Amino acid sequence: MSSPHARIDEKVHIGPKELVMVLTGAGISAESGIPTFRDENGLWQGFRFEEVASIQAWHKHPHLVWMFYSMRRDAALQCGPNSGHFALVELERKLGDRFFLCTQNVDDLHEQAGSKRLVHMHGELFKSRCDRCSKPPFEDKRLYETADSIPNCQCGGRIRPHIVWFGESPFYMNRILTELDRCSLFICIGTSGAVQPAASFVRWARQRKIESLAPVRTIYIGPDEPENGWYFDHFYQGKAGEVLPELFRVE
Ligand code: OAD
């Protein structure tokens, strides 16, 4: 069974006491020119993801891993936020601390648009960190395209991308679970619902609804129904940059 389609001209009303959690995926940056992962011409094309996005890959060929993330840095540096990102900034402006944004994206387009209350659960493309010691991640826009260009930390460890790879734990899970637990509206945008744990967030929100009878609404926005589409109350079919700017009515 799939989620009911909502008419694009049907506004989503947000009441004065509502708490909103937004989860974004690669789809929100698609109109900015950053390819998604699983669509045709997706990011993994040309690279098998296990070759470049796992700790095993890092230990086996760090140079190939950095080539891939350097390519992504270079591509993302050419892109700017689109009207979908700006619509979320406007929503945050109206809701203040009743708004929380969790993105699976590692690009910085939400920040560039002006989003403040956000976390990057899969890391940040323009940050790096040591693969050995616990020094905090640092801003880094450099490209490491040759084997001997990968820098070392003072401790002797190697500098790696600040990205959550397959087999690693996403960041900010405590904060995310708290927000998921208190939101009354869960909005999911541009994610295929194929990668855990983010794919389960909507189910956890609904579970809460079943257990407490709290009125949690769940909506999805994107051109294709996601794999977890069944769990959404409404599916607004269309591109984020076209649907989001007109979607919300905040009371
Ligand atoms: P996917 O590539 O799996 O899904 C992208 C989704 O965006 C698809 O469902 C598309 O239909 C949708 N889409 C495409 N264009 C859109 C548009 N203009 N507006 C709205 N939606 C659009 O990407 P994610 O679900 O984000 O993890 O992938 C999840 C994770 O898989 C990523 O964060 C990444 C990857 O492994 C890590 O890097 C750890």
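Order of appearance sets the numbers: ligands from 1, and atoms from 1 within every ligand. This one's a predicted model, so the numbers in the text were calculated from it and none came from an experiment. Because only heavy atoms are used, hydrogens play no part in the values below, and waters and symmetry mates are left out as well, while side chains stay in.
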If you measure from each heavy atom of Trp165 to ligand 1, is any distance below 4.0 Å?
no

Arg98 side-chain N/O to Glu18 backbone N/O, donor-acceptor pair under 3.5 Å:
yes

Ligand 1 contact on Thr191 by region, counting heavy-atom pairs under 4.0 Å
both

Give the numbers and elements of all ligand 1 atoms closer than 4.0 Å to a heavy atom of Glu31.
17 (C), 18 (N), 19 (N)

Cation-pi check, Arg142 to Trp66: give yes when NZ or CZ is under 6.0 Å from the six-membered ring centre and within 45° of the ring axis, no otherwise.
no

Atom CG in Asn105, atom NE2 in His120: separation rounded to 0.5 Å?
8.0 Å

Any N or O of Phe166 closer than 3.5 Å to N or O of ligand 1:
no

What about the rings of Phe232 and His5, do their centers lie closer together than 6.0 Å?
no

List every atom of ligand 1 that sits less than 4.0 Å from any heavy atom of Gly25, numbering the atoms from 1 in the order shown and giving each element.
26 (O)

His122 N/O to ligand 1 N/O under 3.5 Å
yes

Rounding to 0.5 Å, atoms CD (Gln237) and CG (Asp224) come to a distance of 7.0 Å

Can you find a non-hydrogen atom of Pro226 under 4.0 Å from ligand 1?
no

Ala26 versus ligand 1: do any nitrogen or oxygen atoms come within less than 3.5 Å of each other?
yes

Mind checking the CG-CD1 spacing from Leu91 to Ile14? Nearest 0.5 Å is all I need.
4.5 Å

With atoms numbered from 1 as shown, which atoms in ligand 1 lie under 4.0 angstrom from a non-hydrogen atom of Gly222?
20 (C), 21 (N)

Would you mind running through ligand 1 and noting each atom that sits below 4.0 Å from a heavy atom of Val164?
39 (C)

Which bit of Ala30 gets closer than 4.0 Å to ligand 1, counting heavy atoms only: side chain, backbone, both or neither?
side chain

Ligand 1 atoms in contact with Gln104 (distance to a heavy atom under 4.0 Å):
29 (C), 33 (O)

Nearest-0.5 Å distance, NZ of residue Lys127 to NE2 of residue His162:
6.0 Å

Calculate, to the nearest 0.5 Å, the distance between atoms SG and CE belonging to Cys102 and Met21 respectively.
5.0 Å

Mark up the atoms of ligand 1 that fall under 4.0 Å of a heavy atom belonging to Asp224, in ascending order.
10 (C), 11 (O)

For Phe37 and ligand 1, does the shortest N/O to N/O distance drop below 3.5 Å?
yes

Please work out whether the ring planes of Tyr69 and Trp165 are parallel, tilted or perpendicular, with thresholds of 30° and 60°.
tilted

